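Counting starts at 1 for both ligands and their atoms, following the listed order. When reading the values below, keep in mind they use all heavy atoms of this one structure, side chains included, and skip hydrogens, waters and symmetry mates. Fair warning: this is a prediction, and the values are worked out from it, not measured in the lab.
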Amino acid sequence: MSHPNSFYITTPIYYVNDVPHIGHAYTTVAADVLARYWRLRGRDVFFLTGLDEHGQKVQQAAAKAGIDPQVHCDKLAPQFQDLWKRLNISNNAFIRTTDISHKSVVQQYLEDLFSKELIYKDNYTGWYCTFDERFWTEKDIEAGLCPDCKRPVERISEHNYFFKMGQYQNRLIEHIAQHPNFIRPESRRNEILGFLTTQKLGDLSISRPKSRLSWGIELPFDKDYVTYVWFDALVNYVSALEYLRATPSREQYWPASVHLVGKDILTTHAVYWSTMLMALNLPLPETIFAHGWWTVNGEKMSKSRGNVVDPNKMVDQFGADAFRYFLFREVPFGQDGDFSQSAMVTNINSDLANGIGNLLSRTLTMIERFANGTIPALGTPALPELEALIAATATTLPERIDQGFTALAFRENLQAIWELIGLCDEYIDKAAPWQLAKNPDNHPRLNTVLNTASKALRLLSVLMYPYMPQTAVQLAQQLGLSFDFSKPMPQTVYEWETPLAEVKICKGAGLFPRISIGSETISVGLKESAEVKEIDKEDKPGKPQGAKTVNDATTPPQPTTVTLAPTTATPKTSAPAAAAAPAQITIDEFMKIQLKTAKVLTAERVPKSEKLLKLQVSLGEGTEQRQIVAGIGKKYEPEVLIGKTIVIVANLKPAKLMGIESQGMVLAAGDSEVRGLITLLEDVEPGTKVK
Ligand code: ME8
């Protein structure tokens with residue numbers, strides 16, 4: 001039995017047949033949220049993720065790239081590891097099934113089962129698709145064709161080794177029946193039970209002849225065969241404990257607390273892995289949780305559809321924490337979800353920028369203004385009823401969150417946390433500290449408001465940490481608290497009654513930029529502090545009680561406007577008036593504009609024009625070159641532009657300017673006068689999409 005205080009969490013090990021996508025990020029971030037939560041609560045966590053490097057898919061991907069499979073794996077592995085770093089994944093170990101030690105554990109287990117006669121050799125006859133290199137059963141095939149690629153299948157017979165899986169059927173049914181938490185969510189448990197109680201469980205072919213597939217772990221008892229990739233892969237959950245820690249730690253961590261998997265691979269875990277463990281005399285994991293599937297704008301995600309969501313781009317655009325938040329706020333864990341960029345922008349603006357970001361910023365601004373930058377001690381009640389409600393909510397919140405994490409209720413936990421944020425906003429709006437500040441008699445009440453909001457933020461930072469670790473750290477720092485999130489958090493931090501006073505705050509940048517996309521402006525403006533405006537307005541008549549004043553449609557931030565350089569075929573519509581509120585467009589409309597990076601190859605002045613420069617730009621090696629006429633000649637000498645990477649609108653209808661064709665438009669900041677060209681901090685290849 002594992003140690004009662006330990007928590008062993010795993011993700012599937014992903015195939016290295018392609019780069020990671022949002023689905024891989026989803027499971028891995030989910031595991032990270034749990035790992036961070038239980039570490040903070042003092043449990044001894046072991047968090048494992050890694051890569052499944054053998055088998056047909058990987059062999060095919062390597063063959064397609066024309067390289068050796070191991071070289072292919074070594075090339076792709078860093079793409080996963082780098083992404084996990086960018087997403088702040090705190091895994092304790094990273095397993096690759098081509099690790100020598102893993103291979104040797106797999107071979108030991110095979111040897112063990114073979115010697116106990118739990119593995120036997122037999123003839124297998126089935127319908128084989130040469131193109132897909134796989135067998136199908138009679139009921140799979142459709143009119144003699146492969147159900148996958150629609151090519152004719154052949155009836156072939158071959159020898160293989162089989163694991164006596166079928167003999168464990170009743171034991172497995174019993175185990176599932178007696179352990180309600182073994183397969184979750186419940187609907188998935190019922191699916192597996194339904195299948196096990198109505199169909200006969202066959203034996204499992206655990207080998208592949210090398211003549212068909214050579215990329216795998218050789219069977220220790222027959223060198224003409226390699227191990228079936230699933231037998232090899234599932235063993236990772238135990239083999240990692242043998243060699244990826246300084247001292248082997250099977251006793252400490254096995255059985256795993258939670259195997260997180262997508263619903264696509266529940267059967268292999270619930271049935272293959274469970275019966276393998278029974279045969280190996282090892283205890284079964286406590287929970288196998290199968291989460292749902294992400295689609296993109298309502299469609300299945302696939303390379304051929306070109307809609308695969310790249311988590312790296314999400315981090316570039318929105319930051320790791322906002323992306324992590326979105327994954328769990330949007331969809332209940334266990335159900336399918338649909339990804340869309342517009343939903344993400346809405347989420348970030350409403351919950352992060354206007355929610356937690358605004359609460360922190362307005363609280364700190366008031367502490368700076370009304371309390372000399374130091375959190376004051378509790379004074380006299382300002383709004384006793386709301387204060388009691390906040391206290392009651394905050395007192396029970398840690399326990400609710402604890403239960404939520406035990407149940408893997410990621411979304412419900414976020415909702416519970418955001419209830420407290422909502423209450424605090426309402427409290428500040430109603431207490432109107434900027435009015436209390438005007439009369440010294442009201443200062444004890446003012447202090448209570450500032451103190452209560454600060455205490456709520458203290459609790460919010462530790463509760464939010466598993467989901468948004470960077471944000472939590474920043475929040476605590478700005479509140480002036482020296483939390484060490486790398487260690488278990490003292491229980492007192494979770495307790496509402498723990499006093500907080502005389503702490504010097506350290507207000508910094510806003511936590512989340514509000515993202516707004518207007519028809520003619522693309523602006524990413526930092527949120528402003530609510531009370532800067534509220535204090536200035538004070539109790540101006542007409543302001544509705546409790547209304548949110550920040551960054552809603554009526555008080556948009558005023559970031560620098562990014563305009564399309566006024567050079568183009570349609571100058572009338574492309575020079576926006578900065579002051580006029582631009583009409584809103586949908587993300588889909590915005591997406592019609594194709595922005596790309598381009599390298600300036602040559603630049604020269606257009607004769608008789610002060611303003612116009614004629615540029616030849618490249619959109620990538622071996623691809624097209626374009627001529628663009630841009631109105632940036634007052635600002636730039638042509639020579640300085642050569643070699644620079646700029647951003648252009650690539651799908652603009654060509655137009656003639658002073659008789660010269662312009663095939664696109666250059667992006668620059670400024671209104672009627674160009675003030676700066678849009679360039680890139682990094683050395684990005686020309687032709688890269690800009691979003
Ligand atoms: O199956 N939505 O690897 P894999 C949500 N190597 N999650 C998704 C997803 C989507 N659209 N697409 C993928 C394998 N996932 C085996 C596992 S384990 C011993 C061996 C996630 O690269 C989800 O966790 O195909 C799914 O189970 C996993 O990626 C499959 O990754």
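With respect to D316 and K691, no salt bridge is recorded, no charged nitrogen being found less than 4.0 Å from a carboxylate O.
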Would you be so kind as to tabulate the donor-acceptor pairs closer than 3.5 Å made by side chains of residues 323-333, with sequence neighbours excluded?
{"unit_1": "R324", "atom_1": "NE", "unit_2": "Y467", "atom_2": "O", "d": "2.8"}
{"unit_1": "R324", "atom_1": "NH1", "unit_2": "D32", "atom_2": "OD2", "d": "2.9"}
{"unit_1": "R324", "atom_1": "NH1", "unit_2": "L87", "atom_2": "O", "d": "2.7"}
{"unit_1": "R324", "atom_1": "NH1", "unit_2": "N88", "atom_2": "O", "d": "3.3"}
{"unit_1": "R324", "atom_1": "NH2", "unit_2": "D32", "atom_2": "OD2", "d": "2.7"}
{"unit_1": "R324", "atom_1": "NH2", "unit_2": "P466", "atom_2": "O", "d": "2.9"}
{"unit_1": "Y325", "atom_1": "OH", "unit_2": "R329", "atom_2": "NE", "d": "3.4"}
{"unit_1": "Y325", "atom_1": "OH", "unit_2": "D351", "atom_2": "OD2", "d": "2.6"}
{"unit_1": "R329", "atom_1": "NE", "unit_2": "D351", "atom_2": "OD2", "d": "3.4"}
{"unit_1": "E330", "atom_1": "OE1", "unit_2": "N347", "atom_2": "ND2", "d": "3.0"}

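Residue T49 forms a side-chain hydrogen bond (donor to acceptor under 3.5 Å, both in side chains) with just one option from N92, N91, T11, T28, and that option is T11.
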Pair S90, R36 - check side-chain contact (heavy atoms from CB on, under 4.5 Å), show working. CA-CA 8 Å; S90 63; R36 285 180 185 274; 3.8 Å; yes
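In this structure, the side chains of W38 and D402 come closer than 4.5 Å at one or more pairs of heavy atoms.
Nearest heavy atoms, V16 versus C73: CG2-SG, 3.7 Å.
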List below, pair by pair, the N or O atoms of ligand 1 and of the protein that are less than 3.5 Å apart, including the distance to 0.1 Å; reply 'none' if no pair qualifies.
{"unit_1": "ligand 1", "atom_1": "2 (N)", "unit_2": "W294", "atom_2": "N", "d": "2.9"}
{"unit_1": "ligand 1", "atom_1": "6 (N)", "unit_2": "I13", "atom_2": "O", "d": "2.8"}
{"unit_1": "ligand 1", "atom_1": "6 (N)", "unit_2": "D52", "atom_2": "OD2", "d": "2.7"}
{"unit_1": "ligand 1", "atom_1": "11 (N)", "unit_2": "W294", "atom_2": "O", "d": "3.3"}
{"unit_1": "ligand 1", "atom_1": "22 (O)", "unit_2": "Y15", "atom_2": "N", "d": "2.9"}
{"unit_1": "ligand 1", "atom_1": "22 (O)", "unit_2": "H24", "atom_2": "NE2", "d": "3.3"}
{"unit_1": "ligand 1", "atom_1": "24 (O)", "unit_2": "T27", "atom_2": "OG1", "d": "2.6"}
{"unit_1": "ligand 1", "atom_1": "24 (O)", "unit_2": "G262", "atom_2": "N", "d": "3.4"}
{"unit_1": "ligand 1", "atom_1": "27 (O)", "unit_2": "G262", "atom_2": "N", "d": "3.0"}
{"unit_1": "ligand 1", "atom_1": "27 (O)", "unit_2": "D264", "atom_2": "OD1", "d": "2.9"}

